[in-house]
Amino acid sequence: MIYSEKVMDHFSNPRNVGAIADADGVGEVGNAKCGDIMKIYLKIENDIITDVKFKTFGCGAAVATSSMATELIKGKPVSEALKLTNKAVVDALDGLPAVKIHCSVLAEEAIKAAIADYLVKQGKNPADYGIKEACNSCCSSCGSSCNEK
Amino acid sequence: MFVYADNAATTKIDPEVLKVMLPFLKENFGNPSTFYSKGREVSLAIEHAREQVAQAIGAKPSEIYFTSCGTESDNWAIRGIASRYTEKRGKHIITTNIEHHAVLHTLKAMEKEGYEVTYLPVDREGFISPHQVEDAIRPDTLLITVMTANNEIGSVQPIVEIGKIARAHKVLFHTDAVQAVGHIPVNVEEMQVDLLSLSAHKFCAPKGIGALYIRKGVLPNNLLQGGGQERGKRPGTENTAAIVGMGAAIEKAVRTMEQNTAKISVLRDRLIAGIMNNIPYCIRNTPTHDMLPGTVNISVRYIEGESLLLLLDMNGICASSGSACASGSLDPSHVLLALGLPHETAHGSVRFSLNHENTIEQVDYIIQTMQSITTRLRDMSPLWENVSKESSFQEKEPVVL
């Protein structure tokens, strides 16, 4: 398994690790059975993501994609964070091995799940913002079904 | 500090072994099948190595066939016996659910070709009982194949008892002894095995060389067709330097086994106790009896194995893991799942495999590094968040040695 220098940098010095006690939005995706879980905490003021933290159980790529995804949305308006794609995370990390692409999908889903939580707390419907319910399982490459948790 | 603790994956070539090999990579380059002296001297060296291998496992030199690796030996044993004896004996094979992939994937392929395979389940410590084997034997049983020692957890199966049963029922018996030879006493007569696979790079010889022991009178068909090498049973120009190295290495491994085992098993027990006593929520996967001298397998709950390996590597420690990510597949190790571990616990497994070159200082360094890495990974694990909220280490499991 060969990781890029950027991946190794974000794995060995992950940015934004931790939790936010009074978070405005919290999202958790993945499952332990498959070997990765990501949890994202958001602090949002005037529609701007002022702070973001993550906790991740998973491989090197799972930690690195979490770290990079949080960096990419920090300080951004919610509307822009919603546009974050897994591809943007992969590109920012100078690529991922093919078998690790699902980690970037998980990172995108984790961000969206946290924003969805924020929107619900605001009395809004995440579906109106184009957020589909995260499947809370592994990516499609994994054998386990969406209902299994 | 640099610590190589992955000797079950491969070993460093012993300098004495390398020295014996070098002439065969330089001036002694002759093809052993030729008639001039340049070839004959190489042929003699190969026959000497064959004697060394035979003596190490209690066999006759004429029962040893050099192959390219342990995987080839396993494939040849199983496929060769099947193609030779299926018509006479049947299409049923008995094995365990913790075999190496060289055996398991061969059998999976054969199931598609109409063979029926019984996978005996191991217990929580990774053992099958001889009774399980006896109960599984049918009139159409062609072969029993049970590994001597497991590569991931180090459990050593009751091969002598299984051998007796196989003999009593007149069923052919193969054992993959790749992890055992050179580390624990292996004797084909005591074990009553008909075929035994071994691989040289597990005992300080080079990669790319293995052997298959085939009992006199047992006649597996060839895997390869070609020239007359290895008495026509395994054609292909011999890997002469590697064969010579294998002979020297196995001779030394057996000669030094007792003193090495005494040293390595102390290191193993220290490592297990050091991790189990200092890191809460760990599960010992290595058995408490009948185990290899150097294998330590532990699951560290709430963290994932690949992350653990990357951080160990950053601290100069080479180890391996049974996590799905580390194995490059989607599922964690079949061996750990066979022990009854849940997927999430299997993902957090780490294997250290020690040999005689490891030291107490290295073991203590591994323990210390494991503590700091585990704290670091758990601090960023959402699973740990819930655990540390709920309790404060009451669940800490006592160490069993």
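Protein chains get the first letters and strands the later ones, always in sequence-line order, with residue 1 at the start of each.
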So CD1 of B/I373 and CZ of B/R378: to nearest 0.5 Å the spacing works out to 12.5 Å

Distance in Å, B/S323 OG paired with B/E304 CD, rounded so as to fall on 0.5 Å steps: 4.0 Å

Just by distance, with hydrogens left out, do A/E71 and A/N16 show a side-chain donor and acceptor under 3.5 Å apart? yes

So for A/A62, is it side chain, backbone, both, or neither that comes closer than 4.5 Å to the heavy atoms of chain B? neither

Between the main-chain N or O of B/L104 and the side-chain N or O of B/E99, is there a donor-acceptor pair closer than 3.5 Å? no

Interatomic distance, B/D74 atom CG to B/D176 atom CG [nearest 0.5 angstrom]: 4.0 Å

Examine whether an atom of A/S12 lies under 4.5 Å from a heavy atom of chain B, and if so say whether it belongs to the side chain, the backbone or both; otherwise answer neither. both

Note: B/D379-A/K55 ion pair, threshold 4.0 Å (strictly below): no

Identify the residues of residues 73-96 of chain A whose heavy atoms come closer than 4.5 Å to a heavy atom of chain B, ordered by number, or report 'none'. none

Would you mind telling me which of B/M314, B/R376, B/E344 has the largest number of heavy-atom pairs within less than 4.5 Å of chain A? B/E344

Which residue pairs satisfy the side chain to side chain donor-acceptor pair (under 3.5 Å) criterion with at least one member in residues 118-131 of chain A, sequence neighbours excluded? A/D117-A/K121

About how many Å separate CG of A/L42 and CZ of A/F54, when rounded to the nearest 0.5 Å? 13.5 Å

Applying a strict 4.5 Å limit to non-hydrogen atoms, the region of B/L311 in contact with chain A is both

Under 4.5 Å from any heavy atom of chain A - which part of B/P342: neither

